[in-house]
Amino acid sequence: MKNVYKKLFLLNRSLLGVDNNNALEIINSQIPLKIYKFKSGQPCFDWTIPKEWKLKKAVLKDLNNNIIINAEENILYVLNYSDSFSGVVTKDELVKHIHSNPELPDSIPYRTSYYNKSWGFCFPHNRLSELTDDKYFVDIVTEFNDGYLNIGEATIKGKSEKTVVLSSYICHPHQANDGLSGVILLLYLYKMLAKEKKLKYTYKFYFTPETIGTITLLSNKIIDPAKIEYALISTCVGYGDIFNYKRTFLNNHSIDNVVEQVLQKQNSLLVDYSPFGSDERQYSSPKIEIPCASLMRTPYCLFKEYHTSFDNLDFISIDLIKKTSYIYREIILLYENKPKLISNTNGCEPLL
Ligand code: ZN
């Protein structure tokens with residue numbers, strides 16, 4: 001699995017594009033995937049499927065032609081979905097287009113501008129002091145072409161049409177814990193659940209760009225809320241000793257109770273739903289109302305390496321991901337066997 005992780009990590013993934021398709025190919029080499037394709041420009045609720053972003057080059061030079069930054073070395077150096085810009089700019093103008101992270105000054109931040117046209121570089125904060133000239137040459141060449149937003153779906157059929165959704169996101173390039181650790185966990189989990197006989201529920205695993213991918217699945221009725229028992233978002237499972245469970249918006253759905261029961265034996269923190277985070281936001285939206293939770297270790301925003309080049313393969317532990325996949329399995333199998341017994345939706349003594 002380490003090899004798979006490395007291959008996925010190194011791809012220049014984004015919302016759509018060749019490396020997203022390559023990522024789905026790699027996942028498909030591990031578990032059987034059905035691929036859904038959605039064309040750029042297609043409306044999905046309030047949103048529109050974006051164009052494919054192609055980076056031709058992103059180079060920052062001084063006026064003596066010395067290269068300061070070249071995104072060929074690392075795609076994080078350029079704002080993801082950056083617009084093209086070529087020309088000489090003053091240092092003051094340039095600095096307005098540089099993103100840096102003073103908290104982790106040697107890291108390259110990971111920043112996107114999917115829906116606002118803008119150009120920019122992402123720079124280690126400590127290197128800003130190197131910019132001592134008055135003027136610089138910026139050469140960013142990008143293309144926005146019609147393409148396809150591709151989503152992978154793996155299915156384990158159960159007796160019932162009632163479905164459990166297990167989802168993670170593939171859009172973060174060169175980020176190991178945020179997104180990719182969840183993908184790796186789902187690969188472990190699929191392989192374990194596929195061996196189970198007589199599953200009650202059907203299990204659907206989704207590998208999608210975050211936000212727009214899930215919105216696309218819901219808008220195109222690939223996921224029908226009426227058929228969903230519950231959903232779990234798998235991300236940030238490769239770092240940290242403490243489990244962090246973000247409850248469903250219902251707060252006391254059976255899945256919340258089952259997870260709570262399983263985590264009693266673990267060092268864990270249970271937090272209420274909030275409309276901030278990952279794709280649980282889309283599933284929990286009014287009119288969708290799928291009970292969706294997220295079981296993580298140290299979650300996004302709570303580790304300082306988050307959205308920087310330091311969220312890399314050295315930062316995460318495959319062993320922790322594997323151990324977390326066993327917890328997911330335990331939760332899923334417990335839910336299969338006795339959800340109603342431990343559910344109490346009225347807030348008073350349950351009628352047993
Ligand atoms: Zn993220």
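Indexing begins at 1, ligand by ligand and atom by atom, following the structure's order.
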Got a list of side-chain donor-acceptor pairs under 3.5 Å for residues 6-15, not counting sequence neighbours?
unit_1: Asn12; atom_1: OD1; unit_2: His174; atom_2: NE2; d: 3.1
unit_1: Arg13; atom_1: NE; unit_2: Leu8; atom_2: O; d: 3.0
unit_1: Arg13; atom_1: NH1; unit_2: Ile170; atom_2: O; d: 2.8
unit_1: Arg13; atom_1: NH1; unit_2: His172; atom_2: O; d: 3.0
unit_1: Arg13; atom_1: NH2; unit_2: Leu8; atom_2: O; d: 3.1
unit_1: Arg13; atom_1: NH2; unit_2: His172; atom_2: O; d: 3.0
unit_1: Ser14; atom_1: OG; unit_2: Asn80; atom_2: OD1; d: 2.7

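For the Zn ion (ligand 1), the nearby protein N/O/S atoms, meaning those under 2.8 Å, are His172 NE2, Asp178 OD2, His307 NE2.
Using a cutoff of 4.0 Å between basic side-chain nitrogens and carboxylate oxygens, Lys61 and Asp139 are not scored as salt-bridged. For the pair Glu229 and Lys200, the salt-bridge criterion is not met [side-chain N within less than 4.0 Å of a carboxylate O]. Electrostatic pairing of Lys323 and Asp319 counts as a salt bridge here, judged by a charged N lying under 4.0 Å from a carboxylate O. With respect to Lys204 and Glu153, a salt bridge is recorded, a charged nitrogen being found less than 4.0 Å from a carboxylate O.
In this pair, His307 and Tyr110 present their aromatic rings perpendicular. The plane angle is above 60°, beyond the 30 to 60° band.
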